[in-house]
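Here is the structure we will look at.
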Amino acid sequence: MFVSIAVVVVVGLLGWAYKAAVPPRPKICGSPNGPPVTSPRVTLSDGRHLAYKEMGVSKDKAKYKIIVVHGVDSSKDVYLPVSQELVEELGIYLLMFDRAGYAESDPNPNRSVKSDALDIEELADKLEIGSKFYLLGFSAGGCPAWGCLNYIPHRLSGLSLVVPLVNYWWPSLPADLRRFAFKRMFLRDQCVYRLAHYAPQLLYWWLTQKWFPSFTPLEGHPSIFSSQDLEILKKMEGAPVPDQKKTRQQGVYESLHRDIMVGFGDWGFDPLVMSNPFPNGESSVHIWQGNDDRMIPVLLQRHVAERLPWITYTEVPNAGHFLVHDNVYIDAILRELLLGERPSFA
């Protein structure tokens with residue numbers, strides 16, 4: 001009897017563990033039980049859809065066409081306070097889109113840094129914005145942007161990486177820098193990154209269990225915000241920002257969790273050993289980093305800049321992670337990208 005009871009308990013625990021670790025099926029937009037489609041979308045070659053939004057001057061009249069790649073837990077509705085004066089002065093067309101699995105873009109169960117880059121290329125072709133375009137990627141949106149630099153550099157007129165994610169497992173990133181970054185984190189955040197890299201099949205369970213806190217960035221823990229980030233957040237009160245419920249409406253696994261797995265998984269290339277894809281200066285690459293960023297350690301970004309001297313590196317004093325959400329910084333970022341103008345505060 002004791003053996004029988006033990007077997008039942010073990011089987012029950014295994015069943016519970018399996019159910020807890022396996023994510024539910026995503027709720028695809030436009031499917032019978034899924035959220036409605038309310039935005040324009042393009043159909044990709046594999047049948048998936050990408051939702052998008054256009055801002056600025058019309059693409060037919062634009063002098064500069066920029067594709068914007070949003071970060072984690074965000075969407076095409078990301079708050080980007082580019083001044084109307086700059087848009088009209090330079091003739092800027094902005095193409096925003098929901099990355100795979102976010103808001104109204106279909107999930108991609110085979111998503112990778114490369115597939116994200118190819119999604120961007122196909123989006124540009126479907127909307128006929130031209131053979132070359134500018135790219136602005138920030139935070140986790142830096143992963144697809146790095147992918148574009150590696151896989152489709154011939155399509156880029158210029159690239160700006162703003163507080164881009166640094167993968168702790170890039171092959172040539174020094175181990176001592178990874179240890180330094182990990183020592184500054186909560187233990188639970190270290191667990192998330194290690195699970196994403198070594199055991200991604202357990203990530204859904206870890207991020208959805210209720211026993212103890214799991215990941216400070218998704219919790220909005222106060223420790224991740226610099227004083228300037230808090231000032232910017234206060235300015236954003238009342239501003240149009242992505243609806244978190246809509247951003248996650250197809251499921252957190254194919255949006256937030258997939259972002260973490262891709263960002264800290266195998267990229268298929270090592271950015272730190274990339275050669276300059278623009279040896280004749282036909283395009284330019286820029287990295288912007290706040291030196292008080294509590295999410296992306298500035299020491300790691302400095303190392304990236306040292307390893308890749310062909311990238312223009314701008315470190316902003318006393319700034320945190322939310323550079324693109326500040327009107328002064330975003331205008332300066334675009335002026336440097338489009339005109340090569342270095343900001344006075346660099």
Side-chain angles (χ1 to χ4, degrees), residues 42 44-46 48 50 52 65-72 74-76 78 95-102 105-127 129 131-173 196-197 200 254-278 283-289 296 300-301 304-305 307-308 310-311 324 337:
V42 298
L44 303 177
S45 57
D46 63 0
R48 289 182 297 114
L50 284 187
Y52 67 91
K65 299 172 184 178
I66 307 172
I67 297 180
V68 179
V69 192
H70 68 77
V72 72
S74 188
S75 73
K76 64 183 177 301
V78 61
L95 175 57
M96 335 278 279
F97 73 102
D98 295 329
R99 294 194 284 114
Y102 278 104
S105 286
D106 293 343
N108 181 1
N110 300 313
R111 191 173 146 206
S112 65
V113 173
K114 183 176 183 178
S115 72
D116 280 350
L118 298 182
D119 281 358
I120 291 171
E121 181 179 35
E122 195 167 356
L123 175 67
D125 291 340
K126 291 288 184 180
L127 294 179
I129 69 171
S131 60
K132 299 190 79 169
F133 49 84
Y134 290 88
L135 194 64
L136 169 64
F138 45 91
S139 194
C143 300
W146 276 115
C148 289
L149 189 61
N150 185 71
Y151 294 111
I152 57 167
H154 59 287
R155 301 299 303 271
L156 302 180
S157 297
L159 166 63
S160 187
L161 295 149
V162 183
V163 296
L165 180 150
V166 175
N167 185 349
Y168 302 116
W169 286 275
W170 284 341
S172 62
L173 184 72
H197 186 76
E254 288 297 346
S255 52
L256 310 182
H257 302 181
R258 186 73 69 183
D259 245 1
I260 298 168
M261 289 187 288
V262 171
F264 297 98
D266 182 359
W267 283 25
F269 66 97
D270 183 353
L272 295 179
V273 297
M274 288 180 67
S275 300
N276 185 358
F278 313 116
S283 296
S284 60
V285 183
H286 310 262
I287 290 179
W288 283 68
Q289 177 69 35
I296 309 294
L300 296 185
Q301 217 68 269
V304 174
R307 293 284 294 272
L308 304 174
W310 46 271
I311 293 180
V324 298
L337 174 64

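What you see is a predicted model; the values in this text were computed from it and never measured.
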Nearest non-hydrogen partners of [X] and [Y], listed with the distance:
{"X": "I67", "Y": "A124", "result": "CD1-CB, 4.0 Å"}
{"X": "W267", "Y": "V262", "result": "NE1-O, 3.3 Å"}
{"X": "R111", "Y": "S255", "result": "NH1-O, 4.0 Å"}
{"X": "A140", "Y": "V72", "result": "CB-N, 3.7 Å"}
{"X": "D98", "Y": "S75", "result": "OD1-CB, 3.3 Å"}
{"X": "S112", "Y": "S115", "result": "N-OG, 2.8 Å"}

Can you measure from [atom1] ([X]) to [atom2] ([Y]) and round to the nearest 0.5 angstrom?
{"X": "K65", "Y": "L127", "atom1": "NZ", "atom2": "CG", "answer": "10.5 Å"}
{"X": "I129", "Y": "L123", "atom1": "CD1", "atom2": "CG", "answer": "7.0 Å"}
{"X": "I311", "Y": "N276", "atom1": "CD1", "atom2": "CG", "answer": "8.5 Å"}
{"X": "W170", "Y": "D266", "atom1": "CH2", "atom2": "CG", "answer": "13.0 Å"}
{"X": "R99", "Y": "N108", "atom1": "CZ", "atom2": "CG", "answer": "12.0 Å"}
{"X": "L135", "Y": "I120", "atom1": "CG", "atom2": "CD1", "answer": "5.0 Å"}

Can you check whether [X] reaches [Y] side chain to side chain, under 4.5 Å on heavy atoms?
{"X": "Y134", "Y": "S160", "result": "no"}
{"X": "Y102", "Y": "D259", "result": "yes"}
{"X": "F133", "Y": "L95", "result": "no"}
{"X": "K114", "Y": "F269", "result": "no"}
{"X": "H70", "Y": "M96", "result": "no"}
{"X": "P164", "Y": "I287", "result": "yes"}
{"X": "S105", "Y": "R48", "result": "no"}

Kindly list each side-chain donor-acceptor pair under 3.5 angstrom involving residues 142-157, sequence neighbours excluded, with atom names and distances?
| from | atom 1 | to | atom 2 | distance (Å) |
| --- | --- | --- | --- | --- |
| R155 | NE | S131 | O | 2.5 |
| R155 | NH1 | E121 | OE2 | 3.2 |
| R155 | NH1 | D125 | OD1 | 3.3 |
| R155 | NH2 | D125 | OD1 | 2.8 |
| R155 | NH2 | G130 | O | 3.2 |

Could I get the full list of side chain to side chain contact (heavy atoms under 4.5 Å, CB included) partners for S45, not counting sequence neighbours?
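E122.
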By side chain to side chain contact (heavy atoms under 4.5 Å, CB included) - contacts of I296 (at least two apart)
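For I296, the residues satisfying side chain to side chain contact (heavy atoms under 4.5 Å, CB included) (neighbours in sequence not counted) are V166, Q289, D293, Q301, H321.
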Pair R307-V273, side chain to side chain contact (heavy atoms under 4.5 Å, CB included): steps then yes or no:
CA-CA 8 Å; R307 293 284 294 272; V273 297; 3.9 Å; yes
Check the angle between the aromatic planes of Y168 and F264 and answer parallel, tilted or perpendicular using the 30° and 60° thresholds.
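Answer is parallel, since the angle falls under 30°.
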Distance-only, no hydrogens or angles: does the K126 side chain make a donor-acceptor pair with backbone N or O of V42 under 3.5 Å?
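No, K126 side chain to V42 backbone: no donor-acceptor pair under 3.5 Å.
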Please confirm whether the backbone N or O of G71 pairs with a side-chain atom of S74, one donor and one acceptor, at under 3.5 Å?
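No, because the side chain of S74 does not come within donor-acceptor range (under 3.5 Å) of the backbone of G71.
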